[in-house]
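Written out below as C-alpha cells is the structure these notes cover.
Positions are given from 1 along the sequence. This is a predicted model, so every value here is computed, not measured.
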Amino acid sequence: TLARMVSIQLQRFGVMVDDSAGKPLNTSPPACFLRLVVEMVASRAAPSALLAVLRHPLAAAGINPAQCRSLSRELEIFLLRGIRRDGGLAGLRKAAIAEEKTSTALVDFLTTLEEKSAEFSSLFAPHFNATLQQLLTAHIAFAEWLAGSDTQGGAQRLWAGEAGNALAEIIAGWNMQADILPPIDTLTYPALFDTLLATET
C-alpha cells in the first residue's frame, strides 16, 4: 500500500515507477469489467449494475462503443428511472417495445443482450448448483461478446495489455483446476470470483 501511495505521489512530478510488489489485479480495467458482468447477470440486470457494465470502457456489445454509451443513456432515461421493472432484460425489452419514446435500436440492443446473456443467466436460477468450470466458461463467453466492437473482437479487446494477459493466464489456470471444487450454489459465484481475484497481482 505504501509503495502504491509513493508511486501515485511521484506521478505528480512526472516520475513513473513500477511497484515491485505489483498492482492488485482486481482493480485493473479487464478485471473490473468481468466483476461488473457477473454482478449484472446475478442481479438480473439491476439498473445500477446494468448501467455500470454498459458504461465501462470495454463494453461495446458488437457495435461502436460510442453507440453503446448512447443507447445506455437512452435506456436510463426512458426505462431505468423510477420504479424498477420486473423480469430482468426480458422485462426491459418488453418495456422498450411498449414505450413510444424508445428507438428501434434500443429494442434491438436489448434483444441481443438478452439472447447473448441467456446461457450465463440460466445458471443463476435459485438453488441451482453448477461447477466452477461451467460458470467460468459461460461468464467469459458472455464477457468476450460484450467487449467486442464493430471493428475488434471481444477477446482482442478484453485480454489486451499487461493486465489483460495476466488475467487471461490466471483464469486459464482456474479452469484447469476447477474440477477440484464440487458443484457450488451459483448465487455464491460472484463472491467467489471476487475472492479469487483479490489474491492476484
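Without hydrogens or angle criteria, Q134 side chain to T131 main chain gives a donor-acceptor distance under 3.5 Å. No donor-acceptor pair closer than 3.5 Å links the side chain of H56 to the backbone N or O of L34. Panel note: side chain R93, backbone T111; no donor-acceptor pair is recorded below 3.5 Å. Looking at S7, its side chain never comes within 3.5 Å of a backbone N or O of A3 through a donor-acceptor pair. In this structure a side-chain-to-backbone donor-acceptor pair under 3.5 Å is present from R69 to L54.
The minimum heavy-atom distance linking L58 with P30 is given by the pair CD1-CA, 3.7 Å. Minimum heavy-atom separation, F120 to L135: CE1-O, 3.8 Å. Listed here is the closest heavy atom pair of A31 and L197: CB-CD1, 4.1 Å. Nearest heavy atoms, F142 versus V41: CE2-CG2, 3.9 Å. Closest of all the heavy-atom pairs between L158 and A147 is CB-CB, 4.2 Å. Closest approach of F109 to A61, counting heavy atoms only: CE1-CB, 3.6 Å.
The hydrophobic cluster containing V107 also includes I97, under a criterion of side-chain heavy atoms closer than 4.5 Å among ILVMFWY residues, counted directly or through chains of members.
Here the CG atom belonging to L89 is positioned 11.0 Å from the OG1 atom belonging to T112, to the nearest 0.5 angstrom. Note that CD1 of I140 and CG of L136 are 6.5 Å apart. Values are rounded to the nearest 0.5 Å. Here S48 contributes atom OG and E39 contributes atom CD; the two are 6.5 Å apart, rounded to the nearest 0.5 Å. Summarising the geometry, atom CD belonging to Q156 is positioned 8.0 Å from atom OG1 belonging to T151; distances are rounded to the nearest 0.5 Å. Atoms CG and NZ, on L79 and K94 in that order, are 14.0 Å from each other to the nearest 0.5 Å. Note that CG of L187 and CG of N129 are 9.5 Å apart. Values are rounded to the nearest 0.5 Å.
For E74 and T102, the side-chain atoms include no donor-acceptor pair closer than 3.5 Å.
The hydrophobic clustering, which links ILVMFWY residues whose side-chain heavy atoms are closer than 4.5 Å, places V6 and V17 together. Hydrophobic clustering (ILVMFWY, side-chain heavy atoms < 4.5 Å, transitive): L10 and L2 are in one cluster. Residues W159 and M176 do not share a hydrophobic cluster, clusters being chains of Ile/Leu/Val/Met/Phe/Trp/Tyr side chains in contact below 4.5 Å.
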List the steps and the verdict of side chain to side chain contact (heavy atoms under 4.5 Å, CB included) for L50 and L92.
-> CA-CA 11 Å; L50 179 58; L92 287 172; 3.6 Å; yes
L36 vs M40, side chain to side chain contact (heavy atoms under 4.5 Å, CB included): CA-CA, chis, key distance, verdict | CA-CA 6 Å; L36 290 171; M40 184 269 283; over 6 Å; no
Can S149 and N64 be said to form a side chain to side chain contact (heavy atoms under 4.5 Å, CB included), step by step?
-> CA-CA 6 Å; S149 71; N64 185 287; over 6 Å; no
After noting the C-alpha distance and the side-chain angles of L25 and T201, does the key distance pass the side chain to side chain contact (heavy atoms under 4.5 Å, CB included) rule?
-> CA-CA 5 Å; L25 187 60; T201 57; 5.8 Å; no
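With contacts defined as side-chain heavy-atom distances shorter than 4.5 Å, the pair P190/F124 qualifies. Looking only at side-chain heavy atoms (C-beta outward), I180 and L132 stay at 4.5 Å or farther from each other.
For R35, the CZ atom counts as densely surrounded, since its 6.0 Å shell holds more than 12 non-hydrogen atoms of other residues, nucleotides or ligands. Surrounding CD of E119 are at most 12 heavy atoms belonging to other residues, nucleotides or ligands under 6.0 Å away.
Between R55 and E76 a salt bridge is recorded (basic side-chain N to carboxylate O distance below 4.0 Å).
Taking the six-membered ring where the residue is Trp, Y189 and H139 present perpendicular rings, their angle passing 60° and hence far from 30°.
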